[in-house]
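Everything below concerns the one structure shown next.
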Amino acid sequence: MSFLSSIPPIVDHGLAIDRFRDEDASSLVDLFRTIYGDAYPCPDVYDPDYLAGANRQGTICSYVCRDQTGRVAAHLALVRSAPFAGAMEVAQGLVHPTYRGAGLLSRLMDLVIEEAGRSHDCETLFATPVCNHVMSQRSLASAGFTDAAFEIDYTPARLFAKEGASRGRVATLFAFRTLKPSPDLDMHLPRAYAPVITDLFRQAGTPRRFVHPHTDLPLPTTSVAEVADVPTLDLTKITVARAGRDLADRVLAVERQARSSDRAVVQVLVDMGTPTVDAAVEMLRAAGYWFGGVLPRYLNADALLMQKTLSTPNFEEVKVYAPAARTLLQVVQGDWFRANVSVLITAPRDRTRAMAPPHRTADNGQLHA
Ligand SMILES: CC(C)(COP(=O)(O)OP(=O)(O)OC[C@H]1O[C@@H](n2cnc3c(N)ncnc32)[C@H](O)[C@@H]1OP(=O)(O)O)[C@@H](O)C(=O)NCCC(=O)NCCS
């Protein structure tokens with residue numbers, strides 16, 4: 001008997017959890033459409049052939065819950081979406097509105113975690129639960145995930161229009177669960193955030209070899225970095241493998257391009273396996289970027305997230321489940337404030353004005369001191 005066939009049916013509603021089969025593809029497309037309309041940021045999910053093919057190839061490993069008629073009532077997948085092949089994302093959690101609140105997401109969660117270790121040679125799991133509700137965060141916390149970063153304004157509001165689930169852009173958390181510990185992995189710490197990062201890893205029980213920075217480290221002239229533009233999320237992402245003296249100029253050039261293309265967010269991921277992480281963070285802070293957290297093992301090495309929203313971030317609608325995540329959000333929001341206050345201080349015409357926290361106005365949402 002296979003592991004999956006040993007799963008008992010859910011209560012007496014005739015629902016059955018199973019690995020995805022080719023014949024589920026059209027019904028899964030319908031479920032995406034029921035929840036997101038046509039707005040899901042990866043348009044491939046509306047193509048049954050893509051879903052079936054990706055599941056055959058193993059780039060997506062979908063698990064479904066079928067109702068009595070065989071239609072897909074709920075879905076959760078393991079997706080190879082990170083640069084590190086040993087990391088898998090627990091993603092695309094969907095439960096048809098008729099079946100919500102009955103524990104389907106949590107049942108699927110337990111299953112995919114078992115399967116990740118058993119069948120997919122996975123070293124670390126991560127998930128990016130949305131913050132316009134706490135249900136996914138709660139299910140992940142119950143399944144042993146730790147929240148490690150906030151990606152503020154990551155998701156466009158249009159994604160949630162069908163269910164009327166948000167007014168503004170929606171933040172996501174980056175939550176992780178280690179399956180195979182890597183205590184010998186070097187993590188180069190930036191001075192600015194060393195205490196919050198080391199606390200986070202210690203509280204999660206995730207061992208690392210913490211390396212403190214040398215402030216006189218000579219930097220190469222040129223950075224090694226990759227830029228990815230993601231129009232479906234209105235987002236531009238820069239991944240910095242090694243910082244050079246040109247980093248700030250290069251990031252600001254990418255940011256100018258992002259602004260002219262109406263992007264909402266620029267994210268910078270800094271590889272924490274390299275000693276230039278502290279210098280990178282100092283340059284980014286001076287350029288108005290603020291702390292998001294750490295994406296453990298996202299690049300195989302951990303990645304430090306720095307971010308900048310190109311208009312006032314939607315902190316007001318962020319809903320958080322775990323107390324530790326609430327503390328992390330305070331750090332993130334405090335650092336956003338630091339980045340914006342320092343801009344105000346260095347702007348000459350603001351020098352004579354009284355300092356006050358930036359706030360959102362009712363009319364145009366701009367920052368005012
Ligand atoms: C989010 C979603 C998948 C949840 O599915 P679900 O089957 O109703 O969730 P569950 O019943 O398994 O509940 C998940 C957790 O939230 C809790 N929960 C359920 N309803 C809740 C509510 N109204 N308020 C607070 N917590 C709630 C459950 O107790 C459970 O926590 P536990 O594991 O600690 O017991 C579903 O609402 C959905 O499809 N939403 C739209 C798409 C979406 O937002 N997907 C998530 C993207 S990250």
Side-chain angles (χ1 to χ4, degrees), residues 7-11 13-18 27-42 45-46 60 62-67 71-79 81 88-114 125-177 232-233 295 314 317-326:
I7 296 172
I10 295 168
V11 289
H13 296 295
L15 296 167
I17 285 182
D18 195 2
S27 176
L28 180 53
V29 169
D30 291 345
L31 184 59
F32 271 104
R33 239 186 255 290
T34 299
I35 294 172
Y36 292 114
D38 289 326
Y40 197 77
C42 169
V45 302
Y46 299 110
I60 298 179
S62 285
Y63 296 84
V64 297
C65 180
R66 297 190 199 94
D67 68 10
R71 294 191 64 75
V72 176
H75 172 262
L76 191 63
L78 289 166
V79 184
S81 60
M88 291 188 94
E89 181 177 4
V90 179
Q92 302 177 355
L94 309 168
V95 174
H96 192 283
T98 314
Y99 295 104
R100 289 193 188 159
L104 290 189
L105 176 67
S106 298
R107 292 283 296 264
L108 283 163
M109 190 71 73
D110 292 344
L111 171 63
V112 299
I113 291 166
E114 284 225 48
L125 285 169
F126 70 96
T128 57
V130 289
C131 295
N132 60 331
H133 60 69
V134 298
M135 287 173 274
S136 316
Q137 295 174 44
R138 190 168 160 165
S139 183
L140 287 160
S142 302
F145 281 70
T146 300
D147 301 313
F150 276 93
E151 301 186 72
I152 299 298
D153 280 10
Y154 184 78
T155 319
R158 60 180 177 271
L159 185 61
F160 305 95
K162 184 119 193 275
E163 297 206 348
S166 178
R167 288 196 309 275
R169 289 185 72 87
V170 172
T172 55
L173 266 160
F174 189 100
F176 76 104
R177 179 176 152 166
T232 50
L233 292 170
L295 281 44
N314 183 14
E317 288 189 293
V318 176
K319 294 198 176 81
V320 178
Y321 172 67
R326 212 161 291 133

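First listed ligand is number 1; within each ligand, the first listed atom is number 1. Values below: every heavy atom of this structure, side chains too, minus hydrogens, waters and symmetry copies. Everything quoted here is computed from the prediction, not taken from an experiment.
Using a 4.0 Å cut-off between heavy atoms, Ser106 contacts ligand 1 through both its backbone and its side chain. Under 4.0 angstrom from ligand 1, the non-hydrogen atoms of Leu104 come from both its backbone and its side chain. Contact annotation: for Ala165 versus ligand 1, there are no heavy atoms closer than 4.0 Å. When non-hydrogen atoms are compared, ligand 1 lies under 4.0 Å from neither the backbone nor the side chain of Arg107.
The N/O atoms of Ile35, backbone and side chain alike, include none that comes under 3.5 Å of an N/O atom in ligand 1. For Glu163, no nitrogen or oxygen atom sits less than 3.5 Å from a nitrogen or oxygen atom of ligand 1, counting backbone and side chain alike.
A 4.5 Å side-chain heavy-atom check between Phe145 and Phe174 finds every atom pair outside the cut-off. Under the 4.5 Å side-chain criterion, counting only non-hydrogen atoms from C-beta, Leu108 is in contact with Ile17. With contacts defined as side-chain heavy-atom distances shorter than 4.5 Å, the pair Pro41/Tyr36 does not qualify. Two residues are said to be in side-chain contact when any heavy atoms from C-beta on lie closer than 4.5 Å; Leu140 and Tyr321 fail this criterion. By the 4.5 Å heavy-atom criterion applied to side chains, Ile60 and Leu78 are not counted as neighbours. Side-chain contact check for Pro97 versus Thr34: some heavy-atom pair is nearer than 4.5 Å.
Among protein heavy atoms, atom 5 (O) of ligand 1 sits closest to Val95 CG2, 3.3 Å. Here the heavy atom of the protein found nearest to atom 18 (N) of ligand 1 is Met135 CG, 3.7 Å. Among all non-hydrogen protein atoms, the one lying nearest atom 43 (C) of ligand 1 is Tyr36 OH, 3.6 Å. Scanning all protein heavy atoms for the shortest distance to atom 8 (O) of ligand 1 gives Gly101 N, 2.7 Å. Of the protein's non-hydrogen atoms, Ser142 OG, 2.7 Å is the one closest to atom 34 (O) of ligand 1. In this structure, atom 9 (O) of ligand 1 lies nearest to the protein heavy atom Leu105 CB, 3.5 Å. Looking at atom 46 (C) of ligand 1, its nearest protein heavy atom turns out to be Ser136 OG, 3.3 Å. Looking from atom 1 (C) of ligand 1 to the surrounding protein, the closest heavy atom is His133 CE1, 3.5 Å.
The atoms of ligand 1 that sit less than 4.0 Å from any heavy atom of Gly103 are 10 (P), 11 (O), 12 (O). Residue Pro129 approaches ligand 1 through these ligand atoms, each under 4.0 Å from one of its heavy atoms: 48 (S). Proximity to Leu94 (heavy-atom distance under 4.0 Å) selects the following atoms of ligand 1: 39 (O).
Side-chain contact check for Ser62 and His75: at least one donor-acceptor pair (N or O, by modelled atom type) lies under 3.5 Å.
A pairwise comparison of heavy atoms in Phe126 and Ser81 identifies CZ-OG, 3.5 Å as the closest pair. Nearest heavy-atom pair across Arg177 and Ala143 is NH1-O, 2.7 Å.
Ionic pairing of Lys162 and Asp38 is not present here: no N-O contact between side-chain nitrogen and carboxylate oxygen is shorter than 4.0 angstrom.
A perpendicular orientation is assigned to the rings of His96 and Tyr99, their planes being inclined by more than 60° (bins at 30° and 60°).
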